[in-house]
Amino acid sequence: MEKFTTLNGTMISIPTENIDTDQIIPARFLKVIDKNGLGDNLFSDWRYNADGSPKPDFILNTEQGKKAKLLVAGDNFGCGSSREHAPWSIMAYGFRGVVSTGFADIFRNNSLKLGLLPIVVDKDTHYQLQTLIEEDPSTTVTIDLEKQTLTLPDGRTVNFPIDGFSKSCILNGVDQLGYLQSHADAIAAYEAEHGSRVNTLAD
Amino acid sequence: MSTNGSSKTLFEKIWNQHVVVAESGNPAVLYIDLHLIHEVTSPQAFTGLREKGLTVRRPSQVMATMDHGIPTTPPDIPITDQMVLRQISQLEKNCEEFGIPLQGMHSDHRGIVHVIGPELGLTQPGMTVVCGDSHTSTHGAFGALAFGIGTSEIEHVFATQCLLQVKPKTYAIKVDGTLGNGVSAKDIILNLISRIGIGGGTGYVFEYMGSAIRALSMEERMTVCNMSIEGGARAGLVAPDNITYDYIAGRKLAPQDEAWDKAVAQWRTLPSDEGATFDQEITIDADALGPMITYGTNPGMGMGITDTIPDPDSVKDVSERQTLDKALKYMDIQPGQQLLGQDIDVVFLGSCTNSRISDLRVAANLIKGRKVADSLRMMVVPGSQDVKNQAENEGLDVIFKEAGAEWREAGCSMCIAMNGDQLSPGQYAVSTSNRNFEGRQGKGGRTFLASPLTATATAITGKITDVRTML
């Protein structure tokens, strides 16, 4: 879990709606047994030519992309498969948050466990952010997780939702597993009461 | 609000029975009965355990198999993809080290994880089931709460047999009436997703109900529940009934004798109570349904097979319009036209959506005495070794081979295109799988999703075909 408190940084926009995890990280890059090198394959099929050379116009291949800390993306971002390789690759590239009008459930869950912020904003704010990026790619915004705010250059502040538990874990850089482990006694009691509902295949 | 007094939904009953701890302001600690794992999303979770010095709390409640990356070529041909080999051997090593039962490369029961769980009788009503795969929703067909999880969560379940969960809302999908000839379970779910969109179920658990759902076999119910995630819902359930119990009875890991009677009595308490309310609902008229097909690059872009491709110019919302326009450009198809008659290069019959014995039977029945079009390649990939053996016992393999289709080994194959089974750039496929995302079945490949019947009819003519004209 990467700690996140505040961030001031630039953004890039990929406004396509329903960006699925097969676009974020195509399945052929899932044949790994670690998390190394995934950032290079982020959006691979949109980012590279057939010969493997980078498409110079694609935003992730530009200086603007490499500097950006926030990805502004279209609605229902991260739909499709449960692959955690998606948020791993987004973080490995250098993003600390994704701003959208909505996220798919599994992607949002996975991101919150890693410290990648899924920032939900209303349609107007989303449109405004895209316009700002278009007008001046060096525009920065500020994210304050404690206050749950995104502050625009004109000083306007927009609130975003996050559940209190995930927020506290990310603010402190604490792995959620610790909370589960702290309930070991309750889990043992539950198991003692219910037994196993599963007929095992184990020897 | 999804309760009416003491009336509870199927989902709420399972949820309540599995909450270990519910502290105010925190997500619930939910007990997981069955944890299925495969070679692709588990390695980093085992690494996490090792780094933290942890063990697998309940190895006997985990079942492992390899399905995503394995080739579907004959078993005597060695695997040449070194990365796939490494994932397979890593899974074998991890299962050995942590004491997890594995349906390995040489197991008679190896197959797609969502095919073998039910087939072995492991998946049962009232259970919580998770797997690092979004199509875990398949197991909901048994009245189990089953959903896909990420690798961090796999590690959580390994270590504690629990997950942290925020309680989802409930969504009733009512399908009443009778499906017409040539119309199947796949058409129900493609119709639902085309109506609510691929984000329409985000935050919800579906419960499928109504006379048309009751009339479905278990395998058909699995097809419907499988694609719940394509509507944005992590889980989709069908209340268990006699069809469920008849399917489970006598399977390898089903309860036996007294334990069976006790289990069925408990399962009979699971269906949603009279008067239980849902946060959202939608009604589908089964009588009005025809075969469905997708035209775009997500499963929500679907239509009746005789309909015309929608025109982006008629879409008001700017970003929706751009999304549709981008999809049609990728697919290289024209608005206002029908898909009927579209030339197809590959037909894929397989995947955790449609690779079970009943899927193979309906396809074989249609293709028997006919031929796969010369212009087209048809791949038939059974969901498991057990399905493959059963099909061979029934002679289905011979029917497919005589028609000119490829009869292959079990696995995920061209649904996710990790194992070498894939489209070439620009090729068109009609696929019985679940996702038509850009490049899903191979970089640059273009996928139309449809039922096994529609796929097989298309394989015969070489063009997208309304199966009703062939029955």
For chain A, the option from [options] that forms the most heavy-atom pairs under 4.5 Å:
| options | answer |
| --- | --- |
| B:Pro43, B:Gly148, B:Ser134 | B:Ser134 |
| B:Ile100, B:Thr202, B:Thr151 | B:Thr151 |
| B:Arg58, B:Gln17, B:Gln124, B:Glu39 | B:Arg58 |
| B:Gly126, B:Gly300, B:Gly232, B:Ser319 | B:Ser319 |
| B:Val318, B:Asn434, B:Thr323 | B:Thr323 |
| B:Ile149, B:Leu102, B:Ile198, B:Ile229 | B:Ile198 |

Go through the atoms of [X] and report whether side chain, backbone, both or neither lie under 4.5 Å from a heavy atom of chain A.
| X | result |
| --- | --- |
| B:Ala159 | side chain |
| B:Gln422 | neither |
| B:Val129 | neither |
| B:Asp33 | both |
| B:Pro255 | both |
| B:Val40 | both |
| B:Ala254 | backbone |
| B:Gln87 | both |
| B:His18 | both |

For A:Tyr127, I'd like to know if atom OH has over 12 heavy atoms of other residues, nucleotides or ligands within 6.0 Å. no
Counting only heavy atoms from other residues, nucleotides and ligands, does the tally under 6.0 Å from NZ of A:Lys55 exceed 12?
yes
CD1 of B:Ile154 to OG of A:Ser82, rounded to nearest 0.5 Å, is 7.0 Å
One should read off an interatomic distance between B:Arg435 CZ and A:Cys79 SG, to the nearest 0.5 angstrom, of 8.0 Å
Looking only at heavy atoms, the pair that brings B:Glu153 and A:Asn110 closest together is OE1-OD1, 4.1 Å
Closest non-hydrogen contact found for A:Gly80 with B:Phe437 is CA-CE1, 3.9 Å
Whatever's closer than 4.5 Å to a heavy atom in chain B on A:Asp175 counts as side chain
Does the side chain of [X] reach to within under 4.5 Å of the side chain of [Y], using non-hydrogen atoms?
| X | Y | result |
| --- | --- | --- |
| A:Ile33 | B:Arg86 | yes |
| B:Asp317 | A:Lys123 | yes |
| B:Thr41 | A:Glu84 | no |

Heavy-atom pairs under 4.5 Å with chain B are the metric here; pick the option from [options] that has the most.
| options | answer |
| --- | --- |
| A:Lys31, A:Lys35, A:His194 | A:Lys31 |
| A:Asn76, A:Ile106, A:Asp20 | A:Asp20 |
| A:Asp163, A:Leu114, A:Asp45, A:Asp75 | A:Asp45 |

Taking a cut-off of under 4.5 angstrom between non-hydrogen atoms, the residues of residues 176-193 of chain A near chain B are A:Gln176, A:Leu177, A:Tyr179, A:Leu180, A:Gln181, A:His183, A:Ala184, A:Ala186, A:Ile187, A:Ala188, A:Tyr190, A:Glu191
- prompt: Does B:Arg234 come within less than 4.0 Å of A:Asp105, counting only side-chain N to carboxylate O?
  reply: no
**Asked** Is any NZ, NE, NH1 or NH2 atom of the basic residue among A:Arg28 and B:Asp81 found under 4.0 Å from an Asp or Glu carboxylate oxygen of the other?
**Response** no
Check your understanding: How far apart are the C-alpha atoms of B:Gln61 and A:Arg197, what are their side-chain angles, what is the distance that settles it, and do they pass the side-chain contact (heavy atoms from CB on, under 4.5 Å) test?
Key -> CA-CA 9 Å; B:Gln61 286 171 231; A:Arg197 297 183 182 90; over 6 Å; no
Residue set satisfying salt bridge (Lys or Arg N to Asp or Glu O under 4.0 Å) with A:Asp22, at least two apart, ordered chain then number -> A:Arg83, B:Arg440
**Asked** Does a donor on one side chain sit under 3.5 Å from an acceptor on the other, for B:Gln44 and A:Trp88?
**Response** no
*Might you work through the side-chain contact (heavy atoms from CB on, under 4.5 Å) test for A:Thr16 and B:Gln322, ending with a clear yes or no?*
CA-CA 8 Å; A:Thr16 310; B:Gln322 287 169 347; over 6 Å; no
